[in-house]
2 protein chains.
Amino acid sequence: MSTMQEVASRAGVSKATVSRVLSGKGYVSQETKDQVFRAIEETGYRPNLLARNLATSKSMCIGLVVTNTLYNGNYFSELISQAAKKLDANGRQLILVDGKNSAAEEQEAIEFLHDLRCDGIIIYPRFLSVDEMDLIIDKYKKPVMVVNRKLRKHQSHCIYCDHKGSSYQATQALIARGHRDIAFITGSMDSPTAIERLSGYKDALIAAGLPVRESLIVQGKWSPASGAAAVSALLAADHSFSAIVVSNDEMAIGAMKQLSDAGIKVPDAVSVIGFDNIPTAPFLIPALSSVKDPVSDMVSEVINQIISMLDGGYLSEKNQFTSDLILRDSVADGPFYSPDKNRA
Amino acid sequence: MSTMQEVASRAGVSKATVSRVLSGKGYVSQETKDQVFRAIEETGYRPNLLARNLATSKSMCIGLVVTNTLYNGNYFSELISQAAKKLDANGRQLILVDGKNSAAEEQEAIEFLHDLRCDGIIIYPRFLSVDEMDLIIDKYKKPVMVVNRKLRKHQSHCIYCDHKGSSYQATQALIARGHRDIAFITGSMDSPTAIERLSGYKDALIAAGLPVRESLIVQGKWSPASGAAAVSALLAADHSFSAIVVSNDEMAIGAMKQLSDAGIKVPDAVSVIGFDNIPTAPFLIPALSSVKDPVSDMVSEVINQIISMLDGGYLSEKNQFTSDLILRDSVADGPFYSPDKNRA
DNA sequence: TTGTACGCGTTATCAA
DNA sequence: TTGATAACGCGTACAA
């Protein structure tokens, strides 16, 4: 590992000159430039980024905190890949840090990134409350952006998606097709997203003058297995329903399996609506109509915003994104499922 | 941002003492310890990791290079999450760096991590050749581990999976069920994995005394769309086949869709075998029997090895992993598909 | 048990 | 156009 000093000696100049050549700042004669470059070639010199970052208090890195429980398939990879691509186009690197399983650990991950002098931090929170995040933003000078939460105080530091609206639309679409008995499978209820989606479902029923029946609402935990379990619970409860709104695709897949195992032909009898981002889901789950979160767009906007903050300016504020509702023809209007009709 | 010096002044001691308190190394009286801790509380001091890393030439970080094209759904998230978890248990952080789209960029990503003084580097290569990687390992002092490639020289620095064997087994299983006309959809042929899988398929045919028919081998590009296109090509070619081995799940899903669109009932007529790691695939694709890559195990082993190298020792060498072959009953033995039989 | 002083490899300021 | 030299913030022999 040769240092800048070694390059300098070899080129017969001072460290300062080498530094100038590398940064392109300041005046250096072509002659000495050539000498320096040759010395760099010969020594295989590479700048020590730690030293550079320490000296400049910059790192050309943006940190991303995502909690372990969200490391989940397509949604996650879309998030990461979009972030990496956008940042790369800006000459920066992405550093991914695990937020693990609690608010304290999410907090710790943020501080770690800060201690590393990241130029900016993106948080996709799972446990931290919006108030805690507002405090965090107050605390740091460097740009901090929050994805998937609507902050109270720092409105321009967050990007979020209208989960309630998406859920409302999905439910409304089913109602428009004639469904009246619509079940709902929630996500983990400690997640704001899950709560919003449930509330969109309820509001849509109410708006249509339909009753909200708690017996048709079952809790899931985002996983395929929990979706399957939820369907079992619904079937066991012996209530009629002709459609299910499921709070994400993974659970929808589990729900499908369980329905199928129970001998219920979904395209004919029950509509399942997922959310999120499994691109293949629309044709894997016959009756699925899906609501796709615009992860890519949101991440993209977050990074625009961070870069803009680093450059001193503030972008105009486009905070709220809406999901795309994709309805498919194969969602049949009937015959609807009811325990009596489907039991042997 | 208060520094160690400020803490020291406030506590009425020297920097060195503060450093000792923080590291737990060296003797410090309880009394001064208390004073230092109080000063830390009061100032909200946090060590500057850049400075620490520069001073020690360590970073407690492990870098992971993955190429953009591999940021793909479940396989990728399983890789990342396992890596993050294992490292965390060891008190280290994972830094993910994009290998982008070429060998040069993969190389650059590695150097970046090195310039950041990562304690170790994990490469999941896409474009770098094994020889190039052997050279890279020679070049660096810090531990470098390669996933999914069998190196020539540094055998203990790589972990790989027997893709050829998996493919062989999958094909063999179909043959055992009576299939004789088995088509194959490859991955991108610039990928060693794709080449190995193809060769396993061929060998299995040969071993069973069956002909290798190039007309039944179609190139895909790992994506669902390319799987669908491959099936179109197969159908257009007008050759009979009763089963397809598909080089990954994504393509298998696309293949399924295309078969279904063509009016071919898969469970009855065509068996599709995928690879990789979509956990829900087995019940999403009726006729799928799958070969699952042990990503988690491989990553886990890689990290064990890196940690062991950092601690000076070398683990015993468990390099090769094998995939699990999961066959499902629903893979029907017949009737087989043939153009004549299925055309209107 | 504590403090001094130097090194880590850069960048940046100011003379020359 | 170039070169000393002082930061940057921390670790660590070595001395006290």
Side-chain angles (χ1 to χ4, degrees), chain A residues 1-40 43-61 111-119 141-142, chain B residues 1-40 43-61 111-119 141-142:
Chain A
M1 284 296 83
S2 45
T3 71
M4 186 178 269
Q5 179 57 64
E6 292 172 35
V7 172
S9 309
R10 196 179 193 93
V13 296
S14 70
K15 280 193 307 180
T17 301
V18 176
S19 181
R20 278 186 210 103
V21 172
L22 256 55
S23 69
K25 298 265 178 190
Y27 301 90
V28 186
S29 75
Q30 189 57 45
E31 194 183 2
T32 51
K33 258 186 197 168
D34 293 341
Q35 286 172 337
V36 168
F37 278 129
R38 186 145 43 84
I40 289 178
T43 55
Y45 166 78
R46 297 218 109 218
N48 180 328
L49 296 184
L50 290 177
R52 172 179 295 172
N53 294 347
L54 176 60
T56 58
S57 282
K58 278 177 196 165
S59 67
M60 297 306 276
C61 285
E111 303 219 297
F112 171 77
L113 289 169
H114 185 254
D115 295 343
L116 266 185
R117 298 298 181 268
C118 274
D119 293 350
K141 302 293 178 191
K142 303 264 171 120
Chain B
M1 284 297 82
S2 46
T3 72
M4 185 179 267
Q5 179 58 61
E6 291 172 36
V7 172
S9 309
R10 196 178 193 98
V13 298
S14 71
K15 280 195 309 180
T17 301
V18 176
S19 181
R20 279 187 209 103
V21 172
L22 255 54
S23 69
K25 300 263 177 191
Y27 301 90
V28 186
S29 75
Q30 188 58 45
E31 194 182 2
T32 52
K33 259 187 197 167
D34 293 341
Q35 285 172 338
V36 169
F37 279 128
R38 187 146 41 84
I40 289 177
T43 56
Y45 166 77
R46 296 220 109 217
N48 180 327
L49 296 185
L50 290 178
R52 171 180 294 172
N53 295 346
L54 177 60
T56 58
S57 283
K58 277 177 198 164
S59 68
M60 298 306 276
C61 284
E111 303 221 298
F112 171 77
L113 289 169
H114 185 253
D115 296 343
L116 266 185
R117 297 296 181 272
C118 274
D119 293 351
K141 302 293 179 191
K142 304 263 172 119

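Scope of the values below: all heavy atoms of this structure, side chains included, with no hydrogens, waters or symmetry mates. Residue numbers start from 1 in every chain, and the chains themselves are labelled A, B, ... in the order their sequence lines are given, proteins ahead of strands.
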In whole angstrom, what separates [X]'s [atom1] from [N]'s [atom2]?
X	N	atom1	atom2	value
Leu54(B)	dA7(D)	CG	P	17 Å
Lys25(A)	dT2(D)	NZ	P	18 Å
Met4(B)	dG7(C)	CE	P	19 Å
Gln35(B)	dT2(C)	CD	P	9 Å

Go through [options] for me and flag the one nearest to the [X] side chain.
X	options	value
Ser14(A)	dT4(C), dT10(C), dG3(D)	dG3(D)
Arg52(B)	dC10(D), dT1(D), dT10(C)	dC10(D)
Thr56(A)	dT11(C), dC10(D), dG3(D)	dT11(C)
Ser19(A)	dG3(C), dC10(D), dT11(C)	dT11(C)
Ala55(B)	dG3(D), dT2(C), dG7(C)	dG7(C)

Taking 4.0 Å as the cut-off, does a side-chain nitrogen or oxygen of Tyr45(B) come that near to OP1 or OP2 on dC10(D)? yes
N/O (side chain, Thr32(A)) to phosphate O (OP1/OP2, dT2(D)) under 4.0 Å
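Affirmative; the distance criterion is met.
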- Query: Side chain of Arg20(A), base of dG3(D): donor and acceptor closer than 3.5 Å?
  - Reply: yes
Subject >> 5'-most by nearest nucleotide on DNA chain D - Lys15(A) or Lys33(A) >> reply: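 So the residue in question is Lys33(A).
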